[in-house]
Each structure stands twice: as C-alpha cells, then as structure tokens.
Amino acid sequence: MEKHYDFSAEAERLIYDDWESCGAFRCGVDSNKEPYTIMMPPPNVTGRLHIGHALDNTLQDILVRYRRMRGFDCLWLPGTDHAGIATQSLVSKQLFADGVDLSKLSRENFLNHSWNWKDKYGNIILQQLRRLGASCDWDRTRFTMDKGLSRSVRYAFLRLYGDNLIYRAERLVNWDPQLKTAISDLEVRQQTVLGKICFIDYPLVFDKELCAQPSNLSIITIATMRPETLFGDVAVAVHPDDDRYKHLVGHHCSVPLTGRKIPIIADVRVDRERGTGALKITPAHDFLDFDIGRDHSLAMISVFDKRACLNDKVPGIYRGLSREQARSSVVAALETQGLLREIRDEIHSVPHGERSGVALEPRLTKQWFIGMGSLAKRALQSVENGNTILLPQIWHNTWRRWLENIQPWCISRQLWWGHRIPIWYTQDGKEIAADSEEAALEQAQQKFGKNVILTQDEDVLDTWFSSALWPFSTLGWADEQFADVSMLQRYFPTNVLVTGFDILFFWVARMMMMSLYFMGQVPFKVVYMHALIRDTKGRKMSKSLGNVVNPIDLMNRYGCDALRLTLVLQSVPGRDLRLSEKRIEGNRNFITKLWNSARFLEMQDCCYDKNFDITKVSGALHRWMLVRLLEVTAKVERALDDKICMFHEAGSVIYHFVWDVFCGKYLEMLKPIFSFGSADEKVEARLSSAWLFYGLLRILHPFVPFVTEKIFFTAEIFSAKTDDERLIIAQWLDADSIIVADDWKNDVDEVEWILGLIGEVRSLRSCLGLVSKIITPLRCDDLTSLAETRVAAWATVVRSLAGIDWMGDNRNKDRNKEKVIVFIYDGFVSPGLGLPLGFEIEQAKNRVSKQFDYWSSKLKVLNKKFDPEGKFVKNAPENIVSANKLKHLEAVNQCDRLARILADL
RNA sequence: GGGCGAUUAGCUCAGUUGGGAGAGCGUCUCGUUUACACCGAGAAGGUCGGCAGUUCAACCCUGUCAUCGCCCACCA
C-alpha cells in the first residue's frame, strides 16, 4: 500500500470507472434477487452540482450500496429534468449574447437551439454525480423530455382530460411579467417591501331622481397600495355592518382620473379594520377582488398587458406605462386634483416570482388547470394509513394541511421549451385532444368534416407535470414502443424517495397524486426528507451572499469520502445543517486513519482467508472484537432501515467504532501480541484481525466507498481475492449467521475490565504528571485475588497500553527510589502503600478526595432514594430498584475504600 | 394572522419507549512506545432558555413565558 491515501479526482475516477465497467451499478443482473428501487430526483439540465445535490445523492447512494451488499437487485435510476423556465431563460440569454434576434426566431428554431444546448451541457451534472460516487444505473438514465417520457406526459394529460380533471378556464392567475407566463401558486414567494399606501378620495355621485344626498359626505376614501390599478375599478366595497358606510351602499362614486361611475357595494369579506374600511374592487388584478367581483356579477377590466404595462383600457396619457411609472403618474395626477388625501410609507408583502424575482401580477387569462380535490384526498389517505411513510414524521401535519386546502393547479405555461399541450383547436375554437397532430386531424375530420383546420395550443405544461410522473414514466409506462412491462412490474413501486423538504408540495405530493391516479398505488413506500444546508453562520447559501460552497472543490481538497461522511454525520432528520470546513477536515483525518490501520495490518502480514472460521478463535481479544463488530453491524442495519433512515446515527456509530474501538483499542492491544506473543497467537491474530477488518470495511463501504474499495484493492491483506471481487458487490456481513458460544461473554467482560484498568492507570499517571514509562503500579491488597490473576494474564497488554514497565508486589520496593503510585481499580487497592517520599502527595490527595466527593454525593442521592419514607422502592419497577441497589452497594464500597486511602495519606 | 420547529460544554450540534449528560472542533497538560502528528494519553468546561405542573424519578411528558428560525396566507 502507498504510504498516503490518494483522494485526488483522478485516483477516485479510476475506482469509479472500475465499478462502472464491471457492471456493478446495473440492475436486473440476477432476477432471483429481490428488487430495490430508488428514483433519483432529476436535477435540472441547467444545473451544476451544489451541496444540496451532494447530500441528497450521498444518502441515496448509501441506501443503494447497502442494499446491493445485502443482496438486493438495486435500481437507482438517474436522470435530468428539462426545467422549462430555467432552460428557456438560459438558452434565450445565450442566443441574445450571440446576437440572435429573439423576436424573429421561430418556435421550431428556438427548440432546435434548446436541444443543441441540452445535448452540449445537459449532462454536466450527471458527470459530477459520478465524482460523488453515485452508483446509479447509467444505462437507465432518463430525461423528462425524451421520447418515452413525452409520450407518458401526453397519455397522462389525455386521461386526466378525458376524466374532466383537466380543464381550460379563464381565471385570475399569478402572472410573471418578466417571463411573460403564468406560474403556479407554489412558485410565488412573498417578499416584504416598503411601499406607499395611498388614501384616495372617490367623489360620491348622487342621482337626484333616486335619492338625495344621504349625508354631508361628498367623498368616500379608500386606501390602496396600488393606485395605478384604479383604471380597472368596478366598485367600492364596504362591510354591510359598517356604520360609517352602510348608508352609502347602493349609491355610486366615480373613479378618479376617469370619472367612471361605479357602485358602492356591501360584502362581508371587507375587513373594517384595514385601511379605511372601504375597498376598491379591481377584479382583474386582485384575487379577493376577483371573488367579490364574480359574486356581485361585476365586470372585469384588465388594464395591464403581459408585460404589466398599462393597455388601451386606460386614458391615453397612461398607455404603455409600466406599473411603476403608472403608479407615480397616477399619484401625481391625484395630488393635482386634490383627491390624494394622504400618502405614507407602509411595509407590506408583495408576491414575487420565484424564478424571475420580479413582482407578480394577478392576470386574467385562459389557462389549463387540474382539479386537485379527489387526487389530493387519496394522497392524504395514503399517508394517513401508512402506505407511504413520511420521514421525519413532523411533515405529516404539513402534508395534511396542504392537501386539505389544495387549489386547482395551473399547469399551462406560455413558454416553448417543454411538453406542448396535446390539444388542437378548430377554426371556431372547438377542442380536440389527441396524442399527435395526425390523430387530432383524423378525429376532427370525423367530427367536423374534411375542411377542418387545426391549430395546436401554444402553451406547454408546467415542468412539474412531467416530474410528477417520474416514478413510473421512467420505467416504460405508456410507452408502447419500448414496452417493457417487466420493468414496471419489477421495480415499481419504488422503495424510498430521498429529497429535500422544499419540494414536498411541488413534487412529492404531485407524484403521490399522479401515481395513485394512474397506477392505483403509492409511488414510494418511504419519503425521506433531508434538511437544508446552510453556511457556517446558519445562512442559506445564495449567490448574492457569495457563501455558496462548491462540493467539487471540497472533494478536490478533502476527497469525496470526507465530504460524504461530513454530510452524513450532520444530517439529522428535521434539522438544517451547517457545513463547516473544520468538520470536513476532521473527517479527512478519519479517512487517513482508516487507511493507516490497513497499512498497519499489512505490515503485520495479516491476511484475509475466507475459509477462516472466526467463531473458532480462542483469544479473548478477538472474541471481544467480533462481538463488538456484530453489535455495530446490528446498529447500522437498524439505522439504515428504510423506515428509520437515521443516517447520522449509522455514521457516528461507525466513526467511533473505527477510531476509538478498532484502531484505538483493538489494534493497540494487538501490538504486544505481534511483538511478544507465541507463534500460535500471532497466526490467530493475523487471521482474526484481517477477518474483522474485512467486516469493518464492508460496513464502511456505503458511507466511504472510495477509500474502502481502494484498500480492498491494494492492501496485501486481501491478496487472495479473485480478479472479479469488488467491495461494492461484496456480501454484507451477515451477523445472524455468526453464532458465538455463550462463554464468549466472559472474554468480552474480561477485555472490558482490562480496558477499564488501563484507563485508570493512564488517568492517574497523567494527573500526577508522571511522564514516560516510569510507573510501577501496584500489588493488590490481596495477592491471591482474582484480580491479580486477571492482570497477570494480560501483563504484556497492560504494560504496553498503560505504559507500565513493571508490575507486581511492591511492598518490598524501596519507596525512595521507585516511583510508585496509589492505584485503585476494582479489586486493586493499595492503601497506605506506594507513595514515594518527595512525591506530589498533595496531588494524589486531591485526586483521591475528588473521587471520594464524587462517590459520596452519589451515595447521598441513592440513600435518599432508599429512604424508608420515600416511595421509590414502592413505586419504581423492580429492575430499576435492583439496578439501583447494585449502584448503592458500589457507592458504599467506593466510599469505604477511598476513605481508608485518604486516612492513610 | 394560521401552523411547525429550535433553545444542551467556548463554538457547531447529538441525545427514539422518563431512571448514567454526550460527540466533533477549540482550550490546557503530557507524550516522536515499530499504522497514523491528518497521531497518542489525560484534563478542564454545562443549575440541558425561564417559571409552574405530572411522577418515586424529568434534557425527555403537560402548561406558560421569552428569544430565534421555517412553512402557509396576506399588494386595503
């Protein structure tokens, strides 16, 4: 083995290429195996690997590698999402930079450019995933706009349309004036901004014939943040019980600047507390107003075009002005006319487009919608009855609340890049739904005769529509041409979905609904939602803050495994994680540690022999190690259970086991055996340690695949392996098949006892400032005691690890010459003996009295528990009581001993 | 406004049926004992946000307050 582990990109790529070329990632190789499926959340084709992807895919990779080793036929299906808006923006930007006049570009031409762009750049992120070690089946890579998936999208649309769940309607939608498309409610981000609230006087208009002026008021004052929309006003609404205004209901006022006469109406939805209690109603530009306008059968006047500039419904001088320009112009005009009663700053929230970042405009347009009610109900039920488990379970509430209040989903987008809506219109606007233009024409001709002319709907579908089908569209659903029903049958439903909680509604819920609708079953049994990654200060990573870390860069500096381990160790369910480079550095050290432990074993000529039966070893040390290894294996298995998904738990158990137990204790205790042991002991140590190390490597592999595979590949320990052996396809350590004899427990206790003793000596010598190997610890108070025998059996180990160069009866030692210390451990006590003259008696005294304080305070607590007046004995369960009795006994003994020692000092 | 979460060692955070307060980093002391100084040994440091309650027993359960954060709704 090399002295240093090489985690450079090139070195890791060699390992990855080997995995890929040996076919380790492929599914379906052995049909006897139980399938295990994970669908990778498809990253945007425009994407570059960011730290969130790194976390997401590391967790998936861990699950897949683990299952693969446990003998499952794993399908981890990768792919990319066409990302309608993001891609179209990028391509447009590039074309613009290349000097292309976008306004003259045909749809077809634009799409050609987009496909070229996709072919050129669309796979970068998939390449980056390889760097991360992602063991997905690249042969199954899909793209949301590839042939098969496009067909699935059309098929899904047509079925929903046929069932009247998809419909076209003129509605107020969230309109992005920069992207010039409708977007869904979920793509709206509220932003708090400082605006100006205007109090505007609307002159009352009284019809002399109908009634007299009801009061001495001549105006009604409304409050608005959006004075520029007054051109679209169709009413002023007040609360029916509002004494200030109710006498005005039924009368009219006029819209300033236009003089248009509008009614004053009453509606309970008006909040008397806000503004002036009088609300201008602009149904085409406000969601509440839309509802009120509809219920009062009011007209809807759109005054904006698709860029949110004023249109020809407004007086000439305002036409073509942007919202912002219009606002100031209107305010100025109102002021001039004396209708602006007041204007002042006010903080309020304004909906912005998630993508474009500009303020959105509610806009009245014809759009396609999916009615979500019945779909949502089933999705809700499936989680309620446990068919799909959401982890962490915290999300159940959120899930329920969202689905119970779900609104129709606007699925049409005024874009070119995406799945075009499979609807054609006849000259007179009749809808024809069909899978292709030919089919549509055929259908139309049958219905309307040969002369019918069709035009396809211009819009494309929301990107999330195709994503919603991902768990089954990727497996050949509705794709007759490549009909491979076996894939769907075998790998659907999937086992686990790993994703961020930020797309719970966008994606997870919609996959659920679509899958239940089309497949009749849930798309995944478990959804594991990991947290968001923040910077060291807890801030979200964003380009504007400049705190975005590049995972590729981190991997170049610390190795992939170190990054993976860091992400895993910090990924506690339900809690955001802060990424610090210090942690990555520490985990890089862990990788080095592991590498060096392999080198150590190699230097000792340890050799893995698959025929070696570990259950036949005689050395207590190896038995102890095996038992501990089996414990850890069980813990990892439990933590990696799909229904648990405690990645950090698994990671930290392994981390500490490797560093503290395997390296810190086992290997250290092996050293004296290799140095002073008998030939038999050495042989057993070489075989056992290699066997145990191999077990360890396998548990580690899902978490740190590169270094473990590299060790397996290069260490002499495994020189007996065959050419086609790889750790990635090695069989997981089967703890159940390893049965250890009952009497091993004694060995395990024995080693723990010795370890405790060593710890005690170390602590003591350090406290007393004893350096180097000068300690001569002591006799027992009873030389024939069992303890003495036990230590004698481990003499070399204890000497080596505790730094002792002599052991035995010290009663006859010359205390002036020998440095001897008081030593207390279980059967070992040396009251009154051992402190050399001139030694730091005070330090020793302090230490002992500290211990005494510790035990006596413990004893106090326990005494109180066993107070005859107390209810502990009466009420506590028996096992707790007896455990406490033992503790009490121990405390009494310890206090006794320490008191004696103190007295002697 | 509605909902959810957080508050534990100097820092970042674990702590899954209520019965031992822990890790990493940092700090201090010591150590080049034949894998590793990207190392080893040891130590210091916390009334587990405040208050009240349930219980024999509370970091853990209930209530309440304080501070912080997230999600949903909201352009009067």
Side-chain angles (χ1 to χ4, degrees), chain A residues 1 3-5 185 190 193 195 197-199 222-226 229 237 270-271 273-280 285-289 346 348-351 359-362 394-395 397-398 401-402 405 501-502 504-505 532 536 538 558 562 569-570 572 574-580 582-583 585-604 644 646 648-649 652 655-656 663-664 667-668 671 674-675 758-759 762-767 769-773 799-803 858 864-865 867 870-877 879-881 883-884 887:
Chain A
M1 288 175 77
K3 180 151 191 205
H4 297 287
Y5 171 58
D185 299 349
Q190 295 294 335
V193 297
I197 185 165
C198 304
F199 292 83
I222 58 91
T224 181
M225 307 293 294
R226 304 216 51 196
T229 63
V270 175
D271 184 345
E273 308 300 321
R274 292 179 72 182
T276 61
L279 178 63
K280 76 186 198 68
H285 298 290
D286 182 281
F287 288 96
L288 175 61
D289 294 5
E346 180 148 308
H348 65 139
S349 67
V350 178
L360 297 175
E361 202 58 61
I394 301 276
W395 292 104
N397 262 336
T398 314
R401 287 164 44 79
W402 190 71
N405 299 305
F501 63 82
D502 49 329
L504 178 64
F505 305 139
L532 207 68
T536 40
Y558 299 102
L569 286 173
Q570 280 198 257
V572 177
R575 191 152 161 166
D576 288 350
L577 62 98
R578 296 190 189 188
L579 193 69
S580 86
K582 273 280 178 198
R583 291 238 182 194
E585 201 180 306
N587 290 322
R588 190 261 333 256
N589 296 350
F590 173 85
I591 303 298
T592 307
K593 182 86 181 170
L594 180 68
W595 178 259
N596 281 307
S597 69
R599 283 181 60 231
F600 171 75
L601 292 175
E602 186 180 75
M603 285 172 194
Q604 305 303 329
I644 309 283
M646 299 275 259
H648 74 297
E649 173 74 16
S652 85
Y655 180 96
H656 288 107
C663 293
L667 292 189
E668 291 304 321
K671 283 176 185 174
F674 286 131
S675 300
I758 290 165
R762 282 171 166 177
S763 175
L764 193 53
R765 72 190 293 219
S766 181
C767 273
L770 293 167
V771 295
S772 74
K773 272 193 190 180
R799 275 201 197 109
S800 160
L801 269 72
K858 212 161 183 174
K864 206 175 163 192
K865 263 189 179 171
D867 183 339
K871 298 173 187 167
F872 176 71
V873 179
K874 203 169 65 189
N875 293 342
N879 58 329
I880 297 292
V881 173
N884 276 279
K887 279 186 206 162

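Reminder, nothing fancy here: chain letters follow the sequence lines and each chain counts from 1.
- Summarising the geometry, atom OG1 belonging to A:Thr224 is positioned 4.5 Å from atom NZ belonging to A:Lys280; distances are rounded to the nearest 0.5 Å.
- Taking atom CD1 of A:Ile880 as the reference point, atom P of B:A58 lies 14 Å away to the nearest angstrom.
- With P as the reference atom, B:U62 and B:C68 are 24 Å apart, rounded to whole Å.
- Atoms CZ and CG, from A:Phe674 and A:Leu601 in turn, are 7.0 Å apart once rounded to the nearest 0.5 Å.
- A distance of about 14 Å separates the C1' atoms of B:C11 and B:G46, rounded to the whole Å.
- The P atoms of B:G18 and B:A58 are separated by 13 Å, rounded to the nearest whole Å.
- In this structure, CZ on A:Arg583 lies 14.5 Å from CZ on A:Phe590, to the nearest 0.5 angstrom.
- Counting non-hydrogen atoms under 4.0 angstrom, A:Glu668 reaches a base of the nucleic acid.
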Self-check item: Under 4.0 Å protein heavy-atom contacts per nucleotide of nucleotides 70-76 of chain B, with B for base, S for backbone only and - for none
Solution: SSS-BBB
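- Positionally, the nearest nucleotide of RNA chain B for A:Glu649 lies more toward the 5' end than for the other of A:Lys871 and A:Glu649.
- When each of A:Phe872 and A:His4 is assigned the nucleotide of RNA chain B bearing its nearest heavy atom, the one mapping closer to the 5' terminus is A:His4.
- Between A:Phe674 atom CZ and B:A35 atom C1' there is a gap of 12 Å when expressed in whole angstrom units.
- The P atoms of B:U27 and B:G69 are separated by 31 Å, rounded to the nearest whole Å.
- Here A:Ser675 lies in heavy-atom contact (under 4.0 Å) with a base.
- Considering SG of A:Cys198 and CZ of A:Arg226, their distance stands at 11.5 Å, rounded to 0.5 Å.
- Here the nucleotide nearest the side chain of A:Met646, chosen from B:A35, B:U12, B:U16, is B:U16.
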Practice problem: Could you go through the side chain to side chain contact (heavy atoms under 4.5 Å, CB included) check for A:Leu569 and A:His648 one step at a time? | Solution: CA-CA 4 Å; A:Leu569 286 173; A:His648 74 297; 5.7 Å; no
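- At whole-Å resolution of the value, CG in A:Leu667 and P in B:G40 are 12 Å apart.
- Put simply, the side chain of A:Glu602 gets close to the backbone of A:Met1: a donor and an acceptor are under 3.5 Å apart.
- Set against B:C56, B:C25, B:A41, the side chain of A:Arg762 has B:A41 as its closest nucleotide.
- Rounded to the nearest Å, the gap between the P atom of B:G26 and that of B:G63 is 42 Å.
- Put simply, A:Asn589 has a side-chain N or O that comes within less than 4.0 Å of OP1 or OP2 on B:C39.
- Comparing the same atom, C1', in B:G15 and in B:U8 gives a spacing of 9 Å after rounding to whole Å.
- As judged by a 4.0 angstrom heavy-atom cut-off over every strand, A:Lys887 is placed among residues touching the sugar-phosphate backbone only.
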Exercise. Just do the side chain to side chain contact (heavy atoms under 4.5 Å, CB included) check on A:Tyr558 and A:Asn587 with the steps written out, would you?
Key: CA-CA 9 Å; A:Tyr558 299 102; A:Asn587 290 322; over 6 Å; no
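- To the nearest 0.5 angstrom, A:Gln570 atom CD is 11.5 Å from A:Asp576 atom CG.
- A search for side-chain hydrogen bond (donor to acceptor under 3.5 Å, both in side chains) contacts involving A:Arg599 returns A:Asn596, not counting sequence neighbours.
- Using a 4.0 Å heavy-atom criterion, one finds that A:Glu585 contacts no nucleic acid atom at all.
- Atoms CG (A:Leu504) and P (B:C4) sit 16 Å apart, rounded to a whole Å.
- Nucleic acid contact for A:Arg583: base, since at least one base atom lies under 4.0 Å from a heavy atom of the residue.
- Going from atom OG1 of A:Thr229 over to atom CD of A:Glu361 covers 8.5 Å, rounded to the nearest 0.5 Å.
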Quiz item: Which string of ( ) [ ] | and . matches RNA chain B, if you list each base 5' to 3' and count Watson-Crick or G-U pairs only when both distances are under 3.5 Å?
Solution: (((((((..((((.....[..)))).(((((.......))))).....(((((..]....))))))))))))....
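- Distance CD (A:Gln604) to P (B:U34): 12 Å, rounded to an integer number of Å.
- A:Arg578 has its CZ atom 17 Å from the C1' atom of B:A23, to the nearest Å.
- Using a 4.0 Å cut-off, some side-chain N or O of A:Asn875 falls inside it from OP1 or OP2 of B:C56.
- Taking atom CZ of A:Arg575 as the reference point, atom C1' of B:G69 lies 11 Å away to the nearest angstrom.
- Residue A:His648 places at least one side-chain N or O closer than 4.0 Å to OP1 or OP2 of B:G15.
- Nucleotide B:A57 holds its P atom 10 Å from the NZ atom of A:Lys865, rounded to whole Å.
- Contact annotation for A:Lys593: base contact, defined as any heavy-atom pair under 4.0 Å involving a base atom.
- With distances taken from any side-chain atom of A:Arg599 to the nucleotides B:G26, B:C56, B:A35, the minimum falls on B:A35.
- Side-chain contact between A:Val881 and A:Lys865: absent, with no pair of heavy atoms (C-beta onward) separated by less than 4.5 Å.
- The separation of B:A73 from B:A14, taken at their P atoms, amounts to 28 Å, rounded to a whole angstrom.
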Quiz item: What's the verdict on side chain to side chain contact (heavy atoms under 4.5 Å, CB included) for A:Phe505 and A:Thr398, showing C-alpha distance, side-chain angles and the deciding distance?
Solution: CA-CA 10 Å; A:Phe505 305 139; A:Thr398 314; 3.5 Å; yes
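- With P as the reference atom, B:U32 and B:G45 are 28 Å apart, rounded to whole Å.
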